[in-house]
Number of protein chains: 2
Amino acid sequence: MLKEERQQTILSEVELHNRILLTDIAEALDVSIDTIRRDVKELDGDHKLRKVHGGAISLGFTTNSTRNNNIYRLEDKSTIAQKALALLKDGAVIFVDGGTTCLELARLLPTELDLTCFTHSLPVAMELLTKPNVTVIMVGGQVSKESQTAIGANAIHNLSEIKVDYSFIGTGYVDSQYGLTEFDWDIVQVKKAVIKCAKKTVLLSISEKLNSQHRYKTCEINAINTMITELHPENKLLNPFREHDIRLL
Amino acid sequence: MLKEERQQTILSEVELHNRILLTDIAEALDVSIDTIRRDVKELDGDHKLRKVHGGAISLGFTTNSTRNNNIYRLEDKSTIAQKALALLKDGAVIFVDGGTTCLELARLLPTELDLTCFTHSLPVAMELLTKPNVTVIMVGGQVSKESQTAIGANAIHNLSEIKVDYSFIGTGYVDSQYGLTEFDWDIVQVKKAVIKCAKKTVLLSISEKLNSQHRYKTCEINAINTMITELHPENKLLNPFREHDIRLL
DNA sequence: TCTTATTTTGCGTCTTTTTGCTAGTTTTTA
DNA sequence: TAAAAACTAGCAAAAAGACGCAAAATAAGA
């Protein structure tokens with residue numbers, strides 16, 4: 001049997017069943033396991049499949065980068081996410097909210113970081129899946145079309161059953177007086193549940209949102225333990241927040 | 001024997017069997033291996049076939065595998081999804097499994113169709129969000145990196161609390177004798193729960209998977225109410241399934 | 001037909017590729 | 001934590017390929 005032919009067979013099997021065992025293929029094609037191992041390694045090198053311990057899996061599943069390079073103030077959000085990374089240590093259990101700032105945090109997680117991440121955001125979950133050492137747990141529930149996050153009673157109930165070290169959340173509006181507020185009532189309910197399930201809550205917000213408010217209240221400002229903006233912590237724009245017991249980064 | 005004539009023979013052999021061994025051809029035509037090697041090299045130069053170590057393979061064989069889109073057998077899967085659409089009526093409550101065939105079903109849902117869709121697959125959920133009249137409910141749980149679906153005890157528990165009209169599921173392997181089987185134990189557990197929560201279960205599978213099996217069993221074949229392949233329902237490949245109480249589409 | 005130029009073919013030698021095996025290490029699993 | 005499975009690396013045998021060369025076949029012109 002030709003090498004090329006064998007590799008085609010391997011590829012087809014992987015595409016067909018999504019995953020294969022090297023031993024199965026070796027037996028089926030009646031060649032040594034080493035040969036299959038070399039074939040798979042080569043196909044992996046050509047990005048035709050992904051080699052894993054003991055077998056191979058199809059790329060169809062793993063390669064999907066929902067690159068949206070149309071994010072407002074991406075630079076600032078990236079800065080914020082970078083600062084947030086400093087809070088993370090191996091073994092931490094965290095919750096990551098939806099929104100582009102939190103998505104940026106997910107994107108910038110170092111590949112070697114060992115985490116357990118809860119999220120109710122589909123894009124965040126997708127992004128986290130690319131991090132080999134991150135365990136991703138999706139909080140289910142009805143999914144909002146606009147925010148692409150699970151909301152509603154079910155999501156809130158699921159959140160009530162978990163406890164995390166840190167919650168990283170975004171907000172629609174934030175004000176040193178009025179706290180965190182939102183345009184949407186359902187979102188507020190979920191965010192309340194998120195804050196409740198966290199030992200410490202970290203707010204990620206670009207400075208543009210400071211001193212703004214809206215209809216529905218998520219929480220008082222001192223429900224937040226750490227607030228991260230793209231500004232230097234000493235920036236005078238942050239002065240109104242210094243009266244409260246908040247760590248500024 | 002003329003050189004032209006010999007090269008024609010080589011070409012037709014390649015077309016016929018998709019591949020040839022240089023040694024076989026040399027012996028059959030009673031010329032030295034060097035001659036065949038030169039012929040094949042020349043034909044490769046003319047893009048009539050592809051030369052590989054030890055032989056040659058037809059171009060069709062390779063272009064077939066050079067997937068321009070990375071979904072294997074997308075055409076067939078699309079056909080299957082089209083057929084599945086016929087089962088759906090406004091107001092239905094369904095579950096959609098992970099996998100590329102089910103993803104294709106989600107993709108092809110008409111925008112005007114009014115549905116409630118449960119899913120444990122992140123890509124399917126994302127796709128369903130683009131359908132204005134579909135209510136999407138994500139079944140949460142730990143998310144598998146390979147399949148990008150929620151699995152594990154939590155997902156199974158969540159599934160135990162819902163009841164849907166139809167479950168559309170895929171499978172790794174299906175056989176009329178051995179039923180539906182999978183490579184992965186965790187996936188089997190989830191699929192069992194999916195079948196349990198559905199009044200009727202619809203299996204979507206390309207015909208290439210028929211008569212294949214693997215280690216872990218999801219269910220007997222008669223746990224499936226409807227099986228949809230890309231084949232015509234009267235196709236003889238489906239005969240083994242006619243003995244069971246399955247509707248074929 | 002004969003001679004000559006050109007192409008094609010087969011052979012020998014040497015290099016490269018492929019493959020299976022062994023030994024030692026790492027990863028997974030129970 | 002120990003056994004089992006999988007991985008890595010290196011080696012050697014066998015198969016395949018490259019290349020030069022000379023013989024054979026073919027073509028062409030006198």
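A note on names: the letters A, B, ... follow the listed sequences, proteins ahead of strands, and every chain is numbered from 1.
A salt bridge between A:R19 and B:D184 is present, with a side-chain N of the basic residue lying under 4.0 Å from a carboxylate O of the acidic one. For A:D165 and A:K200, the salt-bridge test fails: no basic side-chain N is under 4.0 Å from an acidic carboxylate O. Taking a cutoff of 4.0 Å between a charged side-chain nitrogen and a carboxylate oxygen, B:K217 and B:E182 do not qualify as a salt bridge. Between B:E42 and B:K3 there is a salt bridge, since at least one side-chain N of the basic residue sits less than 4.0 Å from a carboxylate O of the acidic one. Using a cut-off of 4.0 Å between Lys/Arg side-chain N and Asp/Glu carboxylate O, A:K77 and A:E104 are scored as not salt-bridged.
When DNA chain C is scanned in the 5' to 3' direction for atoms under 4.0 Å from non-hydrogen atoms of chain B, the outermost contacting nucleotides are C:dT8 to C:dT18.
Looking at heavy-atom distances under 4.0 Å, A:V52 makes contact with sugar-phosphate atoms alone, never a base. At the heavy-atom level, B:L22 lies under 4.0 Å from the strands shown only through sugar-phosphate atoms.
With B:K191 as the fixed residue, the side-chain contact (heavy atoms from CB on, under 4.5 Å) test singles out one of B:L180, B:D186, B:D97, B:I156: B:D97. No option in B:I94, B:V194, B:N225 other than B:V194 meets the side-chain contact (heavy atoms from CB on, under 4.5 Å) test with B:S167. B:I224 pairs with exactly one of B:V174, B:T201, B:T171, B:D245 by the side-chain contact (heavy atoms from CB on, under 4.5 Å) rule, that one being B:T201.
Positionally, the nearest nucleotide of DNA chain C for A:L2 lies more toward the 5' end than for the other of A:L2 and A:H53. Comparing A:R38 and A:G55 by the nucleotide of DNA chain D whose heavy atom lies nearest to each, the residue mapping closer to the 5' end is A:G55. Checking A:D34 against B:V31, the closest nucleotide of DNA chain C that is more toward the 5' end is the one next to B:V31.
Contact annotation: B:K41 does not reach the phosphate of D:dG17 (side-chain N/O to OP1 or OP2, under 4.0 Å).
A heavy atom lying under 4.0 Å from DNA chain C marks the following residues of residues 3-21 of chain B, by number: B:K3, B:R6.
For A:I33 and D:dA6, the CD1 to C1' distance is 8 Å, given to the nearest whole Å. In this structure, A:D44 places its CG atom 14 Å from C1' of D:dC7, rounding to the nearest Å. Atom C1' of nucleotide D:dA16 and atom CG of B:D39 are separated by 17 Å, given to the nearest angstrom.
Note that CG of B:N18 and CD of A:E5 are 8.5 Å apart. Values are rounded to the nearest 0.5 Å.
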